[in-house]
Amino acid sequence: MRIANQWRSHHCAQLRAADAGKNVRLCGWVDRRRDHGGLVFVDLRDREGVSQIVFHPEEHPEAAEIGKALHAEDFVQVEGQVTRRPEGTENSSLATGEIEVIVQSVRLIGPCSPLPFPLDGVVENEDLRLSFRFLDLRRRKMLENLKIRHRVSGAVRAYLDAQGFLEVETPVLSKSTPEGARDFLVPSRLTPGSFYALPQAPQQYKQLLMVAGIERYYQIARCFRDEDLRADRQPEFTQIDLEASFVESEDIHFWVEGMLRKIFRDVFDVDLALPFPRMSYREAMDRYGSDKPDLRFGIELYDVGEIFRESDLKVFRAVLDQGGVVKAVNGKGLAHIAASELTGLEDLARSLGGKGLAYVRVESSGWKSPIGKFLTAGERDALARMLGAAEGDLILFAADRWDLACEILGRVRLRLADLSGKREGNAEWNFLWVTDFPLLAYDREESRWTSMHHPFTRPHSEDLPLLEKGHYGEIRALAYDIVLNGTELGGGSIRIHEADLQQKIFSVLGIDPETQEQRFGHLLKAFRYGAPPHGGVALGLDRLVMLMAGAESIRDVIAFPKNRHGVDPMTGSPSEVEPKQLRELGIAAGRRDR
RNA sequence: GGAGCCAUAGCUCAAUUGGUUAGAGCGCUGCCCUGUCACGGCAGAGGUUGCGGGUUCGAGACCCGUUGGCUCCGCCA
């Protein structure tokens with residue numbers, strides 16, 4: 001690596017005892033200054049690390065004068081002689097700890113104003129960090145995160161290249177398809193009144209590349225979705241996107257597993273055990289109440305409906321009689337959690353649309369519960385047996401529609417795991433494939449069927465008759481999600497490659513033939529020109545790097561993210577534009593009423 | 001759009017049940033200090049307690065409103 005030039009002869013982590021006696025030139029930021037009145041020590045920092053430089057007032061008074069006045073984060077260039085540190089003053093925790101540079105001359109090239117926040121401590125105010133992102137990124141941890149991200153990208157490219165994938169770029173100025181997330185729109189000046197859309201994903205382009213005979217495509221692709229933000233959601237984010245022809249689900253699993261193994265080997269020197277376990281969507285929901293279960297701990301859900309089939313407990317009986325389910329989960333050793341915690345769990349259940357949350361504290365004196373007096377001895381025994389309940393446990397029940405009961409207890413399960421300390425600090429890398437998702441889900445509010453994954457997902461061949469019969473909710477998709485420690489890293493599917501099947505699915509989704517032609521005509525047309533079977537997957541690069549870096553937000557692994565309101569406090573984007581710009585585009589900007 | 005929690009110095013946080021002049025650490029300014037590495041010591045500056053109203057003899061604390069922040073729900077094919 002080329003380092004030496006007119007600015008510096010070495011970087012700040014380079015010098016060792018063997019360099020003693022050399023005259024060197026270093027550039028860097030003042031990481032810390034220790035002023036002893038006479039002697040002044042400065043830790044000089046660059047990207048690579050830190051070197052201690054020393055100002056001696058007697059030998060180099062002019063340099064020492066400047067050294068005394070240095071501040072944190074000043075950018076300086078120093079010239080001096082590498083010297084072994086005096087016996088007993090070496091710093092073993094520093095790579096350059098055996099030596100120091102005796103400064104002969106120093107130039108203050110970039111003085112630094114007083115810092116708006118400390119670079120070596122916790123800062124809660126994230127907008128302040130984002131406003132000074134160029135300072136925030138000087139933090140060691142942030143640099144480390146960007147390095148991890150860089151190495152992950154490198155491993156991805158190396159692996160997929162070796163597997164015969166071609167990196168192909170697809171347009172950022174793309175076409176709006178109202179299905180799915182809200183599009184970001186870009187007005188067209190050359191076609192006034194018309195808009196490009198920024199891609200939510202390169203989905204249709206990569207399928208067209210398969211029709212084009214590329215066979216194996218990948219891209220580290222920027223994607224855009226105009227939805228509300230979260231800790232793990234940004235309006236623009238990055239996917240590792242790939243697609244291949246003449247493949248089955250197993251091929252995609254093989255590549256994703258191989259790619260992740262290479263990533264973890266290259267970045268952490270960790271060997272992941274392959275293949276990753278597989279679990280059907282149905283089983284994941286039944287046992288863990290989530291389509292992205294965290295399997296680093298147990299706390300499984302049980303269907304206790306049979307126990308209450310003839311029960312006097314009306315809240316359970318009514319649900320069962322209407323075809324719902326009663327499910328339960330056992331919080332081992334949590335019988336004595338605070339009442340406020342229990343209330344919090346009930347609030348959680350209600351916020352998800354549930355009616356409430358029944359509970360039993362299993363205590364030495366018996367079962368303490370609002371529903372306790374309705375439980376017969378037989379029901380208690382059966383519950384205790386099924387849930388393995390013992391003194392000190394907390395049993396929680398949800399009685400509702402199957403999907404809602406599962407979801408509620410799935411969320412309760414995570415809270416119970418937190419209360420038991422089973423999630424935080426758990427260093428395991430637990431990967432899981434979730435398979436056999438339903439192809440379609442019924443949207444109760446809009447009274448229509450929607451795609452669980454996306455409309456290009458292929459149904460299981462043996463479930464195709466269900467499509468003809470109109471049993472849409474029972475059709476399984478050739479779709480799969482990859483989950484890491486309870487976070488959905490990505491998902492994919494085998495796609496539809498026949499125009500007629502694709503049209504049929506569109507119709508089920510309520511898109512009439514005319515609209516199909518308008519929005520997806522290019523794809524349907526392509527399918528009539530020798531389309532190969534194909535499938536693929538997309539992984540969220542930001543989320544993967546976030547988990548690998550131990551970060552709490554994908555904002556910590558993106559150099560210049562937006563805040564929760566989609567605003568970049570540093571540049572002030574989004575911003576208003578000149579009237580002239582709008583006139584050229586033929587659009588008028590409305591102002592939100594205050 | 002909805003719910004809950006929060007708002008005190010540049011940063012991170014204190015401030016008995018409502019009671020005198022709102023404190024500490026870091027940072028900042030000045031002075032002292034020749035082997036530190038989170039150097040140390042002395043002194044100083046820095047606050048309309050987010051904003052507006054109310055209750056009270058008295059409000060950082062209690063009440064109402066408002067603005068902003070955080071978390072969750074909705075949304076994210």
Side-chain angles (χ1 to χ4, degrees), chain A residues 31-44 50-59 64 68-69 71-73 83 85-94 96-97 100 102 113-129 132 135 177-183 200-201 203-204 223-235 237 340 343-344 347-354 407-408 411 414-415 437 439-441 443 445 448-457 477 479 488 491 493 505-506 509 511 519-520 538 540 552-553 563-565 594:
Chain A
D31 201 58
R32 220 166 228 116
R33 191 176 61 104
R34 294 175 291 277
D35 185 346
H36 286 241
L39 272 182
V40 177
F41 300 95
V42 166
D43 291 337
L44 194 67
V50 166
S51 284
Q52 174 163 283
I53 60 176
V54 189
F55 294 90
H56 280 284
E58 282 117 24
E59 292 159 50
K68 282 179 81 69
H71 291 82
E73 298 304 313
T83 314
R85 294 196 188 186
E87 185 103 20
T89 66
E90 299 91 349
N91 185 343
S92 58
S93 61
L94 221 55
T96 57
E100 60 196 8
I102 309 297
S113 302
L115 296 171
F117 54 84
L119 299 190
D120 57 356
V122 177
V123 177
E124 289 292 319
N125 185 343
E126 196 178 8
D127 263 12
L128 184 65
R129 286 175 58 198
F132 290 87
L135 293 178
T177 52
E179 280 70 31
R182 196 175 293 115
D183 283 323
Q200 298 174 24
Q203 182 61 33
Q204 294 177 56
C223 305
F224 306 86
R225 293 177 190 176
D226 189 6
E227 296 292 349
D228 286 1
L229 283 65
R230 289 279 195 282
D232 60 354
R233 272 173 18 201
Q234 280 276 301
F237 60 99
S340 60
T343 310
D347 289 345
L348 176 67
R350 267 190 289 274
S351 80
L352 294 170
E407 189 190 353
I408 288 168
R411 293 289 300 271
L414 294 180
R415 194 81 73 86
F437 279 83
L439 183 74
L440 299 161
D443 185 328
E445 287 188 6
R448 64 187 185 91
W449 289 94
T450 58
S451 291
M452 193 101 168
H453 186 48
H454 58 49
F456 317 111
T457 305
E488 179 192 332
S493 61
I505 296 293
F506 283 147
L509 294 173
I511 307 171
R519 292 181 191 164
F520 303 107
E552 286 182 4
S553 158
N563 70 10
R564 192 156 296 265
H565 301 290
R594 292 252 166 201

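Numbers restart at 1 for each chain; the letters A, B, ... are given by sequence-line order, proteins then strands. Small disclaimer: the values here were computed from a predicted structure and weren't measured.
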*Parallel under 30°, tilted from 30 to 60°, perpendicular over 60°: which one fits the rings of Phe506(A) and Phe520(A)?*
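Parallel, since the angle between the ring planes stays under 30°.
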May I ask you to verify whether the side chain of [X] and the base of [N] hold a donor-acceptor pair under 3.5 Å?
X         : N      : answer
Asp43(A)  : C37(B) : no
Glu126(A) : G69(B) : no
Asp127(A) : G69(B) : no

Name the nucleic acid region contacted by [X], choosing base, sugar-phosphate or nothing; use a 4.0 angstrom heavy-atom cut-off, strictly under.
X         : value
Pro86(A)  : base
Pro116(A) : sugar-phosphate
Leu128(A) : sugar-phosphate
Glu124(A) : sugar-phosphate
Ser451(A) : sugar-phosphate
Asn125(A) : sugar-phosphate

*Compare all side-chain heavy atoms of His56(A) with those of Ile102(A) and state whether any distance is below 4.5 angstrom.*
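They are in side-chain contact.
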*Side-chain heavy-atom pair Phe41(A), His36(A) within 4.5 angstrom cut-off*: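 Phe41(A) vs His36(A): side chains touch.
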Between [N] and [M], how far apart are the two [atom1] atoms, rounded to whole Å?
N      : M      : atom1 : answer
C6(B)  : G50(B) : C1'   : 12 Å
A7(B)  : G58(B) : P     : 25 Å
C5(B)  : C11(B) : P     : 25 Å
C26(B) : G1(B)  : P     : 44 Å
C73(B) : A14(B) : P     : 27 Å
U56(B) : C64(B) : C1'   : 16 Å
G46(B) : C37(B) : C1'   : 29 Å
G25(B) : G68(B) : P     : 35 Å

So which nucleotide from [options] ends up closest to the side chain of [X]?
X         : options                : answer
His454(A) : A77(B), G74(B), C37(B) : A77(B)
Arg233(A) : A77(B), C75(B), C37(B) : C75(B)
Arg85(A)  : U12(B), A77(B), C37(B) : C37(B)
Leu352(A) : C73(B), C76(B), U36(B) : C73(B)
His71(A)  : U29(B), C37(B), G35(B) : U29(B)

Rounding to an integer number of Å, can you tell me how far [X] [atom1] sits from [N] [atom2]?
X         : N      : atom1 : atom2 : answer
Arg182(A) : C75(B) : CZ    : P     : 11 Å
Asp31(A)  : C39(B) : CG    : P     : 9 Å
Arg415(A) : C72(B) : CZ    : P     : 10 Å
Leu348(A) : C73(B) : CG    : P     : 8 Å
Arg32(A)  : A38(B) : CZ    : P     : 7 Å
Arg129(A) : U12(B) : CZ    : P     : 11 Å
Leu39(A)  : C39(B) : CG    : P     : 15 Å
Gln200(A) : A77(B) : CD    : C1'   : 7 Å

Does [N] pair with anything, Watson-Crick or G-U wobble, both distances under 3.5 Å, and if so, with which nucleotide?
N      : result
C62(B) : G54(B)
A77(B) : none
C33(B) : none
G25(B) : C11(B)
G18(B) : none
G4(B)  : C70(B)

*Point-to-point distance, once rounded to the nearest 0.5 Å, from CZ of Arg85(A) to CG of Asn91(A)*: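 Separation between the atoms: 5.5 Å.
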_What I want to check is whether the side chains of Arg34(A) and Gln52(A) have a donor and an acceptor closer together than 3.5 Å._
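Yes, because at least one side-chain N or O of Arg34(A) sits under 3.5 Å from a partner of the opposite role on Gln52(A).
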Taking only N and O in the side chain of [X], is any of them less than 4.0 Å away from OP1 or OP2 of [N]?
X         : N      : answer
Arg564(A) : U71(B) : yes
Arg34(A)  : C39(B) : yes
Arg225(A) : A77(B) : yes

Check whether any side-chain N or O of [X] sits under 3.5 Å from a backbone N or O of [Y] as a donor-acceptor pair, and report yes or no.
X         : Y         : result
Gln200(A) : Ala181(A) : yes
Glu227(A) : Arg182(A) : yes
Arg33(A)  : Lys68(A)  : yes

*asked:* Does the structure show His36(A) stacking with C39(B), if we require the centres to be closer than 5.5 Å and the planes to be within less than 30 degrees of parallel?
replied: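 Yes, the aromatic ring of His36(A) stacks with the base.
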*Quick one: on RNA chain B, does Gly88(A) or Arg230(A) contact a more 5' nucleotide (nearest heavy atom)?*
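Nearer the 5' end of the strand: Gly88(A).
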*Relative to the 5' end of RNA chain B, which residue comes earlier, Arg33(A) or Phe41(A), by the nucleotide with the nearest heavy atom?*
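On the 5' side of the pair lies Phe41(A).
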*Is any NZ, NE, NH1 or NH2 atom of the basic residue among Arg233(A) and Asp228(A) found under 4.0 Å from an Asp or Glu carboxylate oxygen of the other?*
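Result for this pair is no, no salt bridge flagged.
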